[in-house]
Amino acid sequence: MFEQLDAPRQDPILSLTVAFRNDPRPNKIDLGIGVYRNSEGVTPIMAAVRQAQIALAEEQTTKSYVGLAGDEVFNDLITDLVLKGTEARSRTSAVQTPGASGALRMLADLMASAQPDTRVWISNPSYVNHRPVMEAAGLQVEQYPYFDPETKVVDEAAMLAQFEQLGPRDVVLLHGCCHNPTGADLSEAAWQRIAELAVERGFLPFVDIAYQGFGDGLIEDAAGLRLLAETVPEMLIATSCSKNFGLYRERTGAAIVIGKTLEHSQRAKGRILEMARATYTMPPDHGAAIVARILQDETLRNTWQSELVAMNQRINGLRSLLVEQFRIASDSQRFDYFGEHRGMFSVTGLDETQIERLKADHGIYLVGGGRVNVAGMAERDVPIVVDAFLDVGA
Ligand code: LMR
């Protein structure tokens, strides 16, 4: 049977992590996969997470099943984190999923089940897993214009012109904040116009918010999403605790559905649960239990929020450092975009030859397409990265 299989496609991010691990050079620098590292190059366990884990280990009395939707307290709290205070919150249902990729897949399956001829529009470029997940659910995937490689900002006019052509068959997949891979986010005016167009043209907005708290702050980063939710009748949200709780390996996320009515979103939730049962039955509990614990306990919540702010400030500090050192080393302002972008990533515009040379000559690993994980750098890496970039002709 298996000899009939084609050779598997390599995932561009995860295969890079393996290549980096296998590189024996001691001074190698991993700017590939989206994980936060501190000044010592370590992805830390947040203090709030550690404390919640200890409390859970002491207090938990059973490892019996939780339920198809996972931890409903978590579902409630995580929905509040993105939607609290909006009218749409009262028409919302949520399901805990294995990471945000699990949420993307469950929501893709939901769309395929509700409207099989759905076309999903993803940004050009987008998170490398968006297309495979949508296509795995049998959905047609199209790209909308997003990033202008010359100016390194969002080409909002071109994007909106595309959205003006869409209709009820279409779903627009947006990044809530900290766009992956470009780091270039939408302006408030663009969110406003997308909301108006979604109502006028009848397309469904689908927001992937995997980096809440890594841009301008926990509340600020969900502002565009909330603006949409206040305007449109229906919406989908995939959210993640990988980055903002540092729970990467615990696979903790949620699929959130806003319906025209609560009954509609509950029906959608029921369908997701049927599909989850036929896929993985129920999500792993540990990460969600930690998050629920943190969000319910005022002290832990405050600790977590200050740690998140500190991570956010450090990333923005690294961005300023890059701008400053690139200005000096290149005697130009052409790298100032590092200071304009938000979140973990920036797209640099390096071509595949330059990316290959960075790896071969300098031991610096970037994802294809030239994405840099700024949050993966230590301060001491900055001058090395700056010199290496200029050496390969950036
Ligand atoms: C990334 O884009 O590097 C992260 O979101 C990791 C992943 O799941 O691909």
Side-chain angles (χ1 to χ4, degrees), residues 8-21 28-37 41-44 96-108 122-137 141 143 146-147 173-185 206-215 221 237-255 280 283-284 287 308 311-312 315 318-319 341-348 350 355 358-359 364-377:
R9 273 185 313 139
Q10 294 285 324
D11 180 88
I13 297 177
L14 301 175
S15 61
L16 197 74
T17 306
V18 175
F20 180 81
R21 274 195 200 131
K28 58 189 179 175
I29 299 175
D30 182 6
L31 304 182
I33 192 160
V35 295
Y36 172 86
R37 294 190 193 91
V42 173
T43 302
Q96 184 198 324
T97 52
S101 288
L104 287 167
R105 180 56 194 267
M106 284 298 111
L107 293 171
I122 62 173
S123 60
N124 181 21
S126 200
Y127 169 44
V128 295
N129 214 16
H130 275 162
R131 178 183 286 277
V133 170
M134 297 302 134
E135 287 182 344
V141 177
Q143 279 188 317
Y146 187 79
F147 189 62
L173 181 47
L174 300 154
H175 300 231
C177 61
C178 310
H179 184 269
N180 182 2
T182 68
D185 281 342
F206 181 171
V207 180
D208 179 358
I209 182 154
Y211 300 89
Q212 193 182 358
F214 272 71
D221 288 349
I237 301 167
T239 183
S240 171
C241 302
S242 292
K243 325 286 170 174
N244 53 12
F245 286 85
L247 283 169
Y248 307 89
R249 66 174 62 172
E250 303 297 355
R251 311 309 300 136
T252 310
Y280 55 80
L308 184 56
M311 283 200 283
N312 188 359
I315 297 171
L318 282 162
R319 290 188 172 281
H341 293 162
R342 280 292 166 273
M344 290 187 155
F345 310 119
S346 273
V347 156
T348 56
L350 293 192
I355 294 169
L358 274 183
K359 179 162 45 166
I364 297 177
Y365 284 69
L366 256 61
V367 179
R371 185 187 85 171
V372 163
N373 176 24
V374 176
M377 266 181 230

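Quick caveat, the model's predicted, so the values are computed rather than measured. Each ligand, and each atom within it, is numbered from 1 in the order the structure gives.
- A heavy-atom separation below 4.0 Å is found between I33 and ligand 1.
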- Message: Assess the residue pair H179 and F147 against the criterion (ring-ring contact (aromatic ring centres under 6.0 Å, His included)); give the C-alpha distance rounded to whole Å, side-chain angles, the decisive distance to 0.1 Å, and a yes or no.
- Response: CA-CA 10 Å; H179 184 269; F147 189 62; 7.7 Å; no
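- For the pair D221 (side chain) and F214 (backbone), a donor-acceptor distance under 3.5 Å is present.
- Heavy-atom separations between K243 and ligand 1 include at least one value shorter than 4.0 Å.
- For ligand 1, the atoms sitting less than 4.0 Å from at least one non-hydrogen atom of I13 are 1 (C), 2 (O), 3 (O), 9 (O), numbered in the order shown with element in parentheses.
- Of the protein's non-hydrogen atoms, the one nearest atom 7 (C) of ligand 1 is Y127 OH, 3.2 Å.
- Among L174, I237, L173, the one residue that satisfies the side-chain contact (heavy atoms from CB on, under 4.5 Å) test with F206 is L173.
- Both the sub-6.0 Å distance and the 45° axial angle are satisfied by K28 relative to the ring of F20.
- Where the criterion is an N or O separation shorter than 3.5 Å, residue side chain and backbone included, G34 meets it with respect to ligand 1.
- Counting heavy atoms under 4.0 Å from ligand 1, residue Y248 does not touch it at all.
- Taking any N or O of N180, backbone or side chain, at least one lies under 3.5 Å from an N or O belonging to ligand 1.
- In this model, a donor atom of one side chain and an acceptor atom of the other lie less than 3.5 Å apart for N180 and R371.
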